[in-house]
Structures are given as structure tokens and as C-alpha cells.
J.: 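Here it is, the structure in full.
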Amino acid sequence: YPNGVVANKDVNLNLVEGEIHALMGENGAGKSTLMKILFGIEQPTDGEIYLRGEKIKIESPMHAISLGIGMVHQHFMLDEHLTVAENIILGMEPKKGMAIDYKAAYDMVQEYSDKYRFNLNPKTMVSELEVGKKQKVEILKALIRGAKIIIMDEPTAVLTPQETEELFEQLLLLRDNGHTIIFISHKLNEIKEICENATILRNGTTVGSFQVENVSIQELSKHMVGRDVELTITKPPINRGEKVLEVKDLNFVDNELTVKVDNISFAVHRGEILGIAGVEGNGQRELIDCVAGLSNPQSGEILIKGDAVSYNNPTLDRRQRGVAHIPEDRLTYGSMPDSSIVENIISNIYKKEEYNKGIFLDYDKLNETTERLIKEFEVKTDSRNTPVRMLSGGNIQKVVAAREMDLDMDLLIADQPTRGIDVGTAALIREKIVEKRNNGVGVLVVSADIGEVMELSDSLIVFYDGKISAYFKDASQVTEEELGLYMLGLKFMNEEELKGAIS
């Protein structure tokens with residue numbers, strides 16, 4: 001393989017008709033490459049693929065679809081400005097003369113929606129749908145195109161417990177109707193709940209296939225990572241200090257004049273992890289952008305260590321005030337993809353006196369710091385000079401986390417710190433976050449993973465429609481199911497109950 005990296009080597013995957021089969025592995029283990037091959041996006045260098053005993057070569061995604069293979073991507077491929085039916089029939093529109101037969105399209109989508117109990121209205125605009133229903137639209141797209149094998153990439157990453165439970169009911173119905181589902185997930189408890197068999201990849205090679213009921217969660221994680229992984233977070237009792245961040249009556253309106261952050265107030269203390277839970281799109285991203293200096297609010301105050309922030313060069317202002325930020329989008333805001341690991345690591349320290357020799361940079365010291373962080377955060381790379389874009393998603397996340405968490409800081413903002421990364425990397429980053437909290441740093445964590453935000457957080461606020469719908473001073477006192485009700489807007493605390501968030 002002289003012209004590239006070997007992403008899959010001697011990989012074996014065997015699927016049985018009518019099963020839900022987990023595909024597991026760390027980021028960079030080769031899962032994505034294997035799925036791209038099965039969906040015709042990439043071609044294998046060698047090896048063979050058999051479908052119902054017949055050897056096949058999958059030339060393209062359209063060819064894969066014609067063979068009955070569908071894929072539901074983690075990031076939905078939907079046009080927000082079209083209806084459910086219009087999204088589903090794209091490329092296969094029923095015609096009435098020269099025009100699209102919309103009645104036939106609506107009837108077809110309604111029939112499939114009823115058959116699989118998806119409860120979708122074909123005429124609803126996709127922009128009006130919750131995340132869980134958008135996912136159902138993607139599944140229906142695959143089913144209507146005749147998919148008998150459906151690849152699902154991290155299907156529960158942004159779902160509430162209620163939405164996840166509903167999805168699982170529908171996946172089991174699909175299975176019972178003879179469909180085969182490849183279920184890609186890092187959530188081991190979900191794999192134990194819904195999958196019959198699991199194939200695990202490590203370093204591009206198949207570790208083995210297992211009957212899920214016969215292996216423990218701990219054993220599955222060990223097969224994935226190659227070592228024992230501590231799956232539970234241990235924290236000493238909280239030692240809550242003074243306020244390091246205060247947000248007072250904050251409002252943010254986007255370019256379409258939609259209120260995204262609606263009069264929000266809360267505080268983060270030293271030695272505390274304050275978690276923000278919520279279904280994506282309810283204002284969390286806009287709030288964090290304001291706190292981190294990527295956007296300016298229309299009104300309200302943000303105070304760090306008691307002083308109001310500046311909106312003149314706001315990101316530099318936050319840095320100088322001791323704020324570190326692991327952003328949600330690790331490629332757009334978290335890194336320079338075409339630059340090397342060392343260039344990314346040193347980007348916020350190279351001006352410091354200790355890394356300079358007169359007018360020249362002290363490259364030996366900068367390289368030494370980079371090598372230390374590569375080792376400490378277990379970044380898988382052959383060289384510190386590797387461009388970041390060549391790394392897997394999990395390893396890019398490690399580079400971003402390493403750069404931010406090595407700073408002297410008073411406030412750490414961790415926005416989706418472990419999204420889409422494997423159990424080993426997630427455990428490492430969570431451990432580092434708790435370490436910062438134990439050392440007196442105030443930590444603000446946003447996560448769509450309910451299990452993560454509940455386990456990490458000392459205190460917890462829930463976002464719904466740009467507002468705080470709930471506040472729990474002791475995050476250990478709330479259940480996932482109760483949290484889900486506040487996340488879906490089915491339950492709200494009153495003003496008196498919410499006062500604690502700002503104290």
C-alpha cells in the first residue's frame with residue numbers, strides 16, 4: 001500500500017438476515033472505511049464481498065441502494081426547506097405526465113410511515129421536526145428505496161431517552177420484518193440492550209465477533225481498546241468556591257431574528273462542573289458561543305471572575321482572562337486541519353516568554369511540549385508533524401483537548417467534549433475534566449449524551465427553546481427519564497426553583 005494508510009486490513013464481517021449487528025471500535029479503528037466500502041463510497045484494494053452467497057462489487061451508493069443496502073448517516077442528509085415526502089422521494093419522484101404526482105408521493109410515504117409506526121406527516125416541513133423524527137425520515141428514505149440492510153451510524157448520539165426508546169422499538173420491528181441492521185455505536189449499554197451480535201475492529205483489523213449476551217460491557221470495552229477501561233467516573237466531594245463565571249439576563253437573536261437565548265442567567269463556581277443538557281438546537285450552541293467569545297449577545301452580561309468581558313477582540317479577551325474552550329466543531333473552530341499536530345498544539349502558547357529565545361521561537365521546547373501532550377493524551381500518530389486532517393475524529397479531539405487543557409485556566413468550557421469518539425478516548429477526556437475540577441477550575445460542560453452530562457456534572461441546567469427549563473444543584477438527584485421530560489419541554493420548573501442556578 002505505497003500510496004496511503006491501511007484503514008482496513010483482513011477485515012471480516014458476517015451478517016445474518018433479520019439481526020441487529022453492532023459494529024464497534026475506537027475512532028480510527030476502520031469502521032467508517034468499512035461502511036463506505038459497503039455503501040459503495042470507496043472501493044476495497046482487495047478482499048471479497050458476498051450478498052446472499054453471491055459475490056458482488058459495490059460500484060457506488062446508487063448501486064448499493066439497488067442491491068438493498070441503505071445508510072442512515074449520523075449527520076442527516078435532509079433539505080430543511082422541503083417537506084417529509086419531498087425529501088423522501090428525491091431522485092425517484094412519481095410522475096403524473098410531466099409533473100410530480102404529489103398525491104402518490106404522500107400516499108406512499110404515509111403507507112410506509114404507518115407500516116413501521118413512525119407517526120410522520122408527509123406534508124410537514126423537515127425544519128419543523130424534532131431530531132428523533134428527522135432520523136425517522138432518513139430511515140424511511142432507505143426503506144422506500146428497498147433497503148434490506150440498513151447501516152446506522154451513531155443513531156442515538158443526539159436523542160433523549162424517550163426518543164431512543166422509541167427508535168429501539170422501531171428497529172426491533174424492522175428486524176422482525178426481516179431487515180438487517182448494522183448498528184454503529186460507542187454506547188455499550190445500548191449495544192447490550194438491542195444487538196444480538198457484535199463485530200469489533202481495532203487498528204483496522206477484526207478483533208472478533210461475539211454474541212452480545214455472552215460478554216460483559218467491561219469485556220466489550222477491553223476488546224475495543226486493548227486494555228481495561230474505567231467506565232465510571234470517580235469524583236471526590238465537591239469543594240465549591242467563588243463564582244468564576246456569571247451570566248446575567250443574556251439574550252441572543254440570530255440572523256433570521258429568531259430568539260436563540262432568552263434571558264438566561266446562571267453561574268459556575270470554582271471546583272464545580274456545571275452541565276448543560278438539552279436536545280440540540282435549543283440554544284446551547286449560541287449560549288456557549290457568547291460565553292466563549294465567538295458571538296456577541298444583544299443584551300445581558302457575562303462576567304469572568306467578577307469582571308465584565310470585552311466584546312472588542314472577544315476570543316483574545318477570554319484567553320487573557322483564563323478561559324479555555326473545547327469547541328463543539330473540532331474542525332472548523334477547534335483546529336487548523338491542514339497544519340501539523342505541533343502547529344495546532346503551540347497555537348495558543350508560542351507567544352509566551354518561556355517558549356521564546358530572544359526574537360526566535362524555542363522549537364526544542366515547543367516540540368518537547370507537543371511530544372509530552374501526544375503521549376499524555378494518547379494521540380495515535382507517527383509524527384508530531386502529521387497534518388491534523390489525517391487523524392481520526394477521536395485523535396483530532398485529543399489534540400484539541402490536549403491544547404486547551406494544558407493551559408493555566410480558571411474556567412474550562414467543554415462543548416460536546418466526547419461526541420462521536422470511542423470509549424477509551426472518552427474516558428481519558430472525562431478523567432482530565434474531573435482533574436481540572438478537582439484543582440479548583442470552574443467547568444461548564446455541554447453534552448448531548450445524557451449519561452455523560454449526568455455522570456460528569458455536579459450541578460445541572462436543562463435547556464429548552466432558549467430557556468432554562470430545570471436546574472438541579474445536585475445532579476445525582478435526577479434520573480435520565482425525568483431529565484428527558486425537561487429536555488422535551490414536557491415539564492418546567494417555576495422561577496423560584498430556578499433561582500438556585502444564579503446563586
Side-chain angles (χ1 to χ4, degrees), residues 8 11-27 29-39 51 68-74 116-117 132 135-136 138-139 142-143 147-202 205-226 229 231 418-424 426-427 449-452 480:
N8 287 157
V11 168
N12 296 299
L13 174 66
N14 295 294
L15 304 175
V16 176
E17 193 165 51
E19 71 161 340
I20 303 175
H21 192 111
L23 182 65
M24 304 170 62
E26 295 185 274
N27 280 84
K31 304 187 303 297
S32 295
T33 300
L34 179 58
M35 292 305 99
K36 286 176 181 177
I37 289 170
L38 291 185
F39 197 55
L51 182 63
I69 301 170
M71 188 165 183
V72 177
H73 298 269
Q74 184 177 350
Y116 294 103
R117 303 175 199 162
Q135 190 175 63
K136 292 176 187 177
E138 287 281 21
I139 297 171
L143 291 172
K148 295 297 289 182
I149 299 171
I150 303 174
I151 301 164
M152 301 204 70
D153 187 7
E154 295 286 344
T156 66
V158 294
L159 302 185
T160 64
Q162 288 85 349
E163 289 170 325
T164 297
E165 185 179 335
E166 193 174 322
L167 173 67
F168 283 3
E169 288 175 6
Q170 285 146 352
L171 293 186
L172 291 171
L173 182 61
L174 287 170
R175 181 200 66 185
D176 294 344
N177 275 274
H179 295 277
T180 302
I181 296 160
I182 301 175
F183 187 87
I184 304 171
S185 179
H186 294 115
K187 298 182 179 181
L188 305 184
N189 58 327
E190 292 182 355
I191 286 168
K192 285 288 288 181
E193 180 180 346
I194 200 170
C195 299
E196 289 88 22
N197 296 294
T199 295
I200 299 176
L201 303 184
R202 190 166 73 236
T205 302
T206 305
V207 174
S209 291
F210 307 87
Q211 282 190 304
V212 171
E213 65 179 3
N214 294 332
V215 287
S216 67
I217 286 178
Q218 193 69 47
E219 287 170 327
L220 286 172
S221 67
K222 186 174 182 179
H223 285 304
M224 282 175 61
V225 182
V229 178
L231 296 174
T418 66
R419 165 174 287 166
I421 62 177
D422 57 83
V423 63
D449 182 336
I450 288 185
E452 173 175 80
E480 285 195 16

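What's counted below: heavy atoms across the whole structure, side chains too, no hydrogens, waters or symmetry copies.
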J.: Ignoring hydrogens and geometry, is there a side-chain-to-backbone donor-acceptor pair from Lys192 to Val215 under 3.5 Å?
T.: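 Pair found, side chain donor or acceptor close to backbone of Val215.
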
J.: Treating Thr180 as the side-chain partner and Gly18 as the backbone partner, does any N or O pair qualify as donor plus acceptor under 3.5 Å?
T.: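 At least one qualifying donor-acceptor pair exists.
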
J.: Where do Ile20 and Leu172 come nearest, in terms of heavy atoms and distance?
T.: CD1-CD2, 4.0 Å

J.: Do Gln135 and Glu163 have side chains that get closer than 4.5 Å, going by heavy atoms?
T.: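 In short, these two side chains do not touch, never coming nearer than 4.5 Å.
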
J.: Give me the atom names and distance for the closest heavy-atom approach of Thr156 to Glu190.
T.: OG1-OE1, 2.5 Å

J.: State the CD1-SG distance between Ile182 and Cys195, to the nearest 0.5 angstrom.
T.: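 Taking CD1 in Ile182 and SG in Cys195, the distance rounds to 11.0 Å.
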
J.: Strictly distance-based, threshold 3.5 Å: is any side-chain N or O of Arg202 a donor or acceptor partner for the main-chain N or O of Gly25?
T.: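 Looks like no, no N/O pair under 3.5 Å.
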
J.: Report yes or no: does Ser221 contribute a side-chain atom to a donor-acceptor pair with the main-chain N or O of Gln218 at less than 3.5 Å?
T.: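 Side chain of Ser221 to backbone of Gln218, a donor-acceptor pair under 3.5 Å: yes, one is there.
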
J.: With no hydrogens and no angle check, do the side chains of His21 and Thr199 hold a donor and an acceptor under 3.5 Å apart?
T.: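 The answer is yes; a qualifying pair exists.
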
J.: Could you give the distance from OG (Ser216) to NZ (Lys222), rounded to the nearest 0.5 Å?
T.: 10.0 Å

J.: For Leu23 and Met35, work out which heavy atoms get closest and say how close.
T.: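 It is CD2-CE, 3.4 Å.
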
J.: Give the C-alpha distance, both sets of side-chain angles, the deciding distance and a yes or no for salt bridge (Lys or Arg N to Asp or Glu O under 4.0 Å) between Lys148 and Glu17.
T.: CA-CA 9 Å; Lys148 295 297 289 182; Glu17 193 165 51; 5.7 Å; no

J.: To the nearest 0.5 Å, what is the distance between NZ on Lys31 and CG on Leu13?
T.: 13.0 Å

J.: State, with a plain yes or no, whether a side-chain heavy atom of Ser185 is found less than 4.5 Å away from one of Met24.
T.: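 With C-beta onward as the side chain, the pair stays apart.
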
J.: Give me the one residue out of His179, Lys136, Gln170 that meets side-chain hydrogen bond (donor to acceptor under 3.5 Å, both in side chains) with Tyr116.
T.: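 It is His179, the one option of His179, Lys136, Gln170 that forms the side-chain hydrogen bond (donor to acceptor under 3.5 Å, both in side chains) with Tyr116.
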
J.: If you draw a 6.0 Å radius around CG in Asp176, do more than 12 non-hydrogen atoms from other residues or ligands fall strictly inside?
T.: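 Counting neighbours around CG of Asp176, more than 12 heavy atoms of other residues, nucleotides or ligands fall under 6.0 Å, so yes.
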
J.: Compare every heavy atom of Leu167 with every heavy atom of Met152, then report the nearest pair and how far apart it is.
T.: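 Minimum heavy-atom separation between Met152 and Leu167: CE-CD1, 4.5 Å.
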
J.: With a 6.0 Å cut-off (strictly less than), is the heavy-atom count around CD of Glu196, excluding the residue itself, greater than 12?
T.: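 More than 12 heavy atoms, drawn from other residues, nucleotides or ligands, come within 6.0 Å of this atom.
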
J.: Does the side chain of Ile151 reach to within under 4.5 Å of the side chain of Leu38, using non-hydrogen atoms?
T.: yes

J.: Between CD1 of Ile69 and CD1 of Ile149, what distance do you get to the nearest 0.5 Å?
T.: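 Going from CD1 on Ile69 over to CD1 on Ile149, the span is 5.0 Å.
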
J.: Does any N or O in the side chain of Glu19 come within less than 3.5 Å of the main-chain N or O of Val16, such that one atom is a donor and the other an acceptor?
T.: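 Checked: pair present.
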
J.: If the condition is salt bridge (Lys or Arg N to Asp or Glu O under 4.0 Å), which residues does Glu219 pass it with, not counting sequence neighbours?
T.: none

J.: Indicate yes or no: does Glu154 engage Lys187 in a salt bridge with an N to O separation below 4.0 Å.
T.: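 No.
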
J.: Which pair of non-hydrogen atoms, one from Val212 and one from Ile191, has the smallest distance, and what is that distance?
T.: CG1-O, 3.7 Å

J.: Under a 4.5 Å cut-off applied to non-hydrogen side-chain atoms, are His223 and Ile200 in contact?
T.: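 They are in side-chain contact.
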
J.: Nearest 0.5 Å, what's the CD1-CD1 distance between Ile139 and Ile181?
T.: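 With rounding to 0.5 Å, CD1 (Ile139) is 8.0 Å from CD1 (Ile181).
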
J.: If you take all heavy atoms of Val11 and Thr206, which pair is closest and at what distance?
T.: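 Residues Val11 and Thr206, closest heavy atoms: CA-OG1, 3.3 Å.
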
